[in-house]
Structures are given as structure tokens and as C-alpha cells.
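Remember, it's a predicted structure, so these values are computed and weren't measured experimentally.
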Amino acid sequence: MRRKVFDLLFEPKQRMTELSDVSSLWRSLFYFVLSMGICSGIVTNVLFSGSSLAVRGGILLGFVVFHLVALIVYTCFLHGLSDACGAPGGDIRALLGLLGYAALPYLVVAPIFLLSVKLGGFWLVFIVLAGMGASLWALFLVIRALQAVYLLTFFRACAMVCFSIFLLTVATILPIYLASKMLLISFG
């Protein structure tokens with residue numbers, strides 16, 4: 001497991017292509033839950049330290065399920081977007097499997113999360129910095145996954161991922177903005 005994680009994170013060009021050839025859906029689900037579970041567990045334990053263990057466990061489970069559903073929805077959206085943009089037909093199961101591995105950077109930064117929580121105070125800033133670094137790293141792995149499944153160039157995969165993030169941002173923020181604007185207008 002350690003060798004596979006290392007190869008995927010530090011040699012993604014070769015490893016993503018190899019992984020897209022085999023069915024890795026269950027392994028990728030395991031890695032996704034492990035990575036997101038550990039990082040979300042550290043953060044929720046800090047935020048809800050005053051709550052009971054059952055409450056913290058429920059919140060952690062909710063975070064992981066939310067991330068998992070978001071990953072599946074984003075995979076289907078990316079698959080449809082790539083088909084609409086004229087990419088050669090790819091396998092959605094392979095894409096879903098590879099995107100599960102895209103959460104592995106969170107597993108790598110988990111020790112930074114733990115150390116920051118243990119030291120406390122100013123060191124908690126490193127949770128935010130490490131989380132941002134892991135997000136950028138995971139985004140790079142998403143681009144590599146799209147490249148491996150659909151045989152796109154790196155720049156075309158980058159453009160497709162950026163466009164998909166822009167569309168999802170518009171789709172989530174615009175209804176919230178319009179609803180809040182309508183509420184403000186109705187109240188006066």
C-alpha cells in the first residue's frame with residue numbers, strides 16, 4: 001500500500017495510466033475514505049472537542065459521506081463535460097476509481113494536522129496551509145486522472161477541470177445569492 005501511494009503521489013504520470021487500465025474502484029474508495037476520514041476526524045475533533053464521542057463520530061461520518069457523494073457527482077459531471085467537449089469516449093468507472101485516489105494528498109498531510117493540533121495556538125494555521133496544499137495537489141491528480149482516462153493533453157485536461165470548477169461554483173453560489181437577495185427584498 002505504501003509503495004502504491006508513493007508512486008501515485010510522486011510519479012502520477014505513469015501511475016495514473018497504469019491504474020486506469022485496471023478496475024480499482026473498491027481500492028480507491030478505501031483510500032478515499034481513509035484519507036478524508038483521518039483529516040476530517042482531526043478537524044472535527046478539534047472543532048467539537050466539547051461534544052461526546054458519539055456526536056463527533058456522527059459528524060465525522062456525515063463529513064465523509066458528504067465528500068463521497070460530492071466526489072461521485074463531480075465524477076459524473078466531469079465525464080459528461082468531457083464527452084460534450086469532444087474527448088474520446090472514456091470509462092466512467094475508471095475515472096471514478098482514479099478520482100478516489102485523488103484524496104491521497106490528505107493522507108500525506110494528516111501528520112501536519114495532528115502536529116498542529118498537538119502544538120495548538122499559532123500552529124493551527126498550518127492546518128489551513130496544509131489543507132490548501134493538499135487541495136492543490138488533489139486538483140493536480142484530478143487533472144492527471146482526466147488525462148489518463150480520456151487521453152487528453154495536460155493543458156486540455158487543465159482547462160476542462162478549471163471550467164468544471166467554475167461551472168460548479170456558479171451552480172452552487174448563484175442560487176444562494178439569488179435566494180438571499182429575494183429574502184432581503186421581501187423583508188424590506
Quiz prompt | Check: R156 main-chain N/O paired with T153 side-chain donor or acceptor under 3.5 Å | solution = yes
Exercise. Tell me, with the steps shown, if I92 and C76 meet side chain to side chain contact (heavy atoms under 4.5 Å, CB included).
Key: CA-CA 7 Å; I92 194 167; C76 295; 3.9 Å; yes
Quiz item: Under 6.0 Å between ring centres, would you say that holds for Y101 and W137?
Solution: no
Quiz item: Hey, are the side chains of Y74 and V161 touching, using non-hydrogen atoms and a 4.5 Å cut-off?
Solution: yes
Quiz item: Does atom CZ of F166 have more than 12 heavy-atom neighbours from other groups under 6.0 Å away?
Solution: no
Exercise. Following the transitive rule for hydrophobic clusters with a side-chain heavy-atom cut-off under 4.5 Å over Ile, Leu, Val, Met, Phe, Trp and Tyr, establish whether V73 and L168 coincide in one cluster.
Key: no
Quiz item: How would you list, by chain and number, every residue that makes a ring-ring contact (aromatic ring centres under 6.0 Å, His included) with F113, sequence neighbours excluded?
Solution: none
Quiz item: Are the side chains of L141 and M16 in touch, meaning some heavy atoms are under 4.5 Å apart?
Solution: yes
Self-check item: F48/I59 under side chain to side chain contact (heavy atoms under 4.5 Å, CB included): CA gap, chis, key distance, verdict
Solution: CA-CA 9 Å; F48 302 101; I59 292 170; 3.8 Å; yes
Quiz prompt | Non-hydrogen atoms of M160 and C85 that approach each other most closely | solution = CE-CB, 3.8 Å
Quiz item: Roughly how far, to the nearest 0.5 Å, is the CG atom of L124 from the CZ atom of F122?
Solution: 10.0 Å
Quiz item: Heavy atoms, side chains only, cut-off 4.5 Å: are L78 and V142 in contact?
Solution: yes
Quiz prompt | Non-hydrogen side-chain atoms of P105 and L9 separated by less than 4.5 Å | solution = yes
Quiz item: Okay, side chain of S35, backbone of F32: is any donor-acceptor separation there less than 3.5 Å?
Solution: no
Quiz item: What are the two closest heavy atoms between V109 and C39, and how far apart are they?
Solution: CG2-SG, 4.4 Å
Practice problem: Using the rule that two of Ile, Leu, Val, Met, Phe, Trp, Tyr join whenever any of their side-chain heavy atoms come within less than 4.5 Å, decide whether V43 and L114 are in one cluster. | Solution: yes
Quiz item: Going hydrophobic residue to hydrophobic residue with side-chain gaps under 4.5 angstrom, can you get from I165 over to L99?
Solution: yes
Practice problem: Evaluate whether atom CZ of F77 has more than 12 neighbouring non-hydrogen atoms of other residues, nucleotides or ligands under 6.0 angstrom away. | Solution: yes
Quiz item: Do N45 and R56 have side chains that get closer than 4.5 Å, going by heavy atoms?
Solution: yes
Quiz prompt | Flag side-chain contact, heavy atom, 4.5 Å: W123 against K118 | solution = no
Exercise. Please name the pair of heavy atoms, one in V64 and one in G37, separated by the smallest distance, quoted to 0.1 Å.
Key: CG2-CA, 3.7 Å
Quiz item: Can L98 be reached from W26 by stepping across I, L, V, M, F, W or Y side chains whose heavy atoms are under 4.5 Å apart?
Solution: yes
Practice problem: Give a yes or no on whether L136 and L71 share a hydrophobic cluster (residues Ile, Leu, Val, Met, Phe, Trp, Tyr; joining criterion: side-chain heavy atoms under 4.5 Å apart). | Solution: no
Practice problem: Of all the heavy-atom pairs spanning A110 and I42, show the shortest one and how long it is. | Solution: O-CD1, 3.8 Å
Practice problem: Would you indicate whether F63, at its atom CZ, is surrounded by more than 12 heavy atoms from other residues, nucleotides or ligands within a distance under 6.0 Å? | Solution: no
Exercise. Drop me the distance from K181's NZ to S186's OG, to the nearest 0.5 angstrom.
Key: 12.5 Å
Practice problem: Take F154 and I143, measure what side chain to side chain contact (heavy atoms under 4.5 Å, CB included) needs, and give me the verdict at the end. | Solution: CA-CA 7 Å; F154 181 76; I143 292 166; 3.6 Å; yes
Quiz item: If you take all heavy atoms of A157 and L146, which pair is closest and at what distance?
Solution: O-CD2, 3.8 Å
Exercise. Return the minimal non-hydrogen interatomic distance between S116 and I127, and the atom names on each side.
Key: CB-CG1, 3.7 Å
Exercise. Decide yes or no for D83 and H79: does some side-chain heavy atom of the first lie under 4.5 Å from some side-chain heavy atom of the second?
Key: yes
Practice problem: Find out whether L115 and I112 are in side-chain contact, i.e. whether some heavy atom of one side chain is under 4.5 Å from a heavy atom of the other. | Solution: no
